[in-house]
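Order of the sequence lines sets the chain letters (A, B, ...), proteins ahead of strands, with each chain counted from 1.
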2 protein chains.
Amino acid sequence: MRQNPARRAALLDAAIEVLARDGARGLTFRAVDAEAQVPVGTASNYFSSRDELLTQVGHRYYERLEPDAAALAEALSGPRDRDRVTELMHDVVERVMTFRSGYLALLELRLESTRRPELRELLSKRIRADIDFNIRNHVQAGLPGDATTVVVLYLALNWLILERLTLPDVFPDEQVHDLVTDVVERILPGPRRSA
Amino acid sequence: MRQNPARRAALLDAAIEVLARDGARGLTFRAVDAEAQVPVGTASNYFSSRDELLTQVGHRYYERLEPDAAALAEALSGPRDRDRVTELMHDVVERVMTFRSGYLALLELRLESTRRPELRELLSKRIRADIDFNIRNHVQAGLPGDATTVVVLYLALNWLILERLTLPDVFPDEQVHDLVTDVVERILPGPRRSA
DNA sequence: AACGTAGTACTACGGATGAAGTGGTGTCAA
DNA sequence: TTGACACCACTTCATCCGTAGTACTACGTT
């Protein structure tokens, strides 16, 4: 079992791309080797099984999302009204959607986790933590809305992103921006701008 | 290419189960044969390719959901206030979640459709039609809320179901009912009961 | 009532594919 | 010199798919 962390990370990033492009079906050691442009057999040397590869992909995904500190600081700046929330939500949707392969890979992992308890536990913890994190930030920042607001926003926007990334024709391109705005307006009552 | 419609439907139902249980990775002709308890090679005789099998599974899924006439009539009865909408949404969530394998299979198909234009077109049309159908019904029934309300409800509840079916620990069992209620209350402003 | 035919069900084999793992060699750095 | 890793080649293994061939059943004909 090889240890080189940089190479391991590169392999995991490659696995994310493969998952997004070819699905769980296409995720083989060989495919990861090819995607990472390393010699055949390398992935075999770094992961003892497909199972281990999958759970490590889960870890890696969240590792890559960690550097949220910048975005976090941004959330604390500016006014504390609904229009600000709308702006922030647009940013979030934008950010998540640009990492398309990551999002799709995570969906594949979700479905895989149906059959892999270890993966399920990992994902449950990370996602629960993510939601709690968002709630804490939201209320601490003094933004309008409570914990439930954040959860409902989380639900609606996630499915919107899923819909866009898998079946883009359901909500046409040009409607998406307004749709995000609508979602926030419906979920978060009150005046648009604070007095 | 065999024609027996009953057997074809049985094979497609088996394919749904396989998709939900083993994922796209496990969906092979042989696995479908085994699930449908028919002799090896039968699925091969009924579908010329994996591609064709997948798109026909898509058709079959919606075929099975068609008999919504009863639920539809129910929507038209009763009061026309928010609590009624909440009730209806509880019913919808309940109904969808009891066909767990169907929902999971559809998610697999969504991800597959990323790579299969034909499948993507099929799913896009059906889902778009489904949304439009719900909107029309909602407003015709005189229920509170407009088209946007229905769309936002669709988004939030779908992700809630996805979360429950893939990572049940994120939103614990006992919170789900209240969460559905919360979702409706946040998205649909106004009094609970009509005057 | 016997026969022939068409459409299916079932069995079994053939061929091909591609994946995983391992052993061996070369290279670099401590 | 030694240990860890990169790279390569080869063997083994697991399935999977397609189809040829056979048996069965229903139905229409005469």
Regarding [X], tell me which of base, sugar-phosphate or nothing describes its non-hydrogen contacts under 4.0 Å with the strands shown.
{"X": "T28(B)", "answer": "sugar-phosphate"}
{"X": "S49(B)", "answer": "nothing"}
{"X": "F47(B)", "answer": "nothing"}
{"X": "V38(A)", "answer": "nothing"}

Among dA20(C), dA6(D), dC10(C), the nucleotide that comes nearest once only the side chain of N4(A) is considered: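 From the listed options, dA6(D) comes nearest.
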Side chain of N45(A): nearest nucleotide among dC7(D), dC17(D), dC10(C)?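 Shortest atom-to-atom distance from the side chain points to dC7(D).
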Starting at [atom1] of [X] and ending at [atom2] of [N], how long is that distance when rounded to a whole Å?
{"X": "R8(B)", "N": "dA9(C)", "atom1": "CZ", "atom2": "C1'", "answer": "15 Å"}
{"X": "L53(B)", "N": "dG18(D)", "atom1": "CG", "atom2": "P", "answer": "11 Å"}
{"X": "L11(A)", "N": "dA6(D)", "atom1": "CG", "atom2": "P", "answer": "9 Å"}
{"X": "Q3(A)", "N": "dA6(D)", "atom1": "CD", "atom2": "P", "answer": "10 Å"}
{"X": "F29(B)", "N": "dT11(C)", "atom1": "CZ", "atom2": "C1'", "answer": "18 Å"}
{"X": "D33(B)", "N": "dT11(C)", "atom1": "CG", "atom2": "P", "answer": "11 Å"}
{"X": "D22(B)", "N": "dT15(D)", "atom1": "CG", "atom2": "P", "answer": "13 Å"}
{"X": "R50(A)", "N": "dG18(C)", "atom1": "CZ", "atom2": "P", "answer": "17 Å"}

Tell me whether the side-chain N/O atoms of Y46(A) come closer than 4.0 Å to OP1 or OP2 in dA6(D).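 Yes, Y46(A) has a side-chain N/O under 4.0 Å of OP1/OP2 on dA6(D).
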Between S44(B) and dG18(D), is there a side-chain N or O to OP1/OP2 distance below 4.0 Å?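 Answer is yes, contact under 4.0 Å.
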Carboxylate-amine/guanidinium proximity below 4.0 Å for R120(A) and D169(B):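 Salt bridge flag = no for D169(B) with R120(A).
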I'd like to know if R7(B) reaches the base of dG7(C) with its side chain, counting only an N/O donor and acceptor under 3.5 Å.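 Answer is no: no donor-acceptor pair is held.
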On DNA chain C, nearest-nucleotide positions of R2(B) versus G41(B): which is more 5'?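 Nearest-nucleotide comparison on DNA chain C picks R2(B).
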Count the heavy atoms belonging to other residues, nucleotides or ligands that lie under 6.0 Å from CD of E118(B), then report whether that count exceeds 12.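 Result for CD/E118(B): open.
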Take atom CD in E121(A); do more than 12 heavy atoms of anything else shown fall under 6.0 Å from it?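 Count not over threshold, so no.
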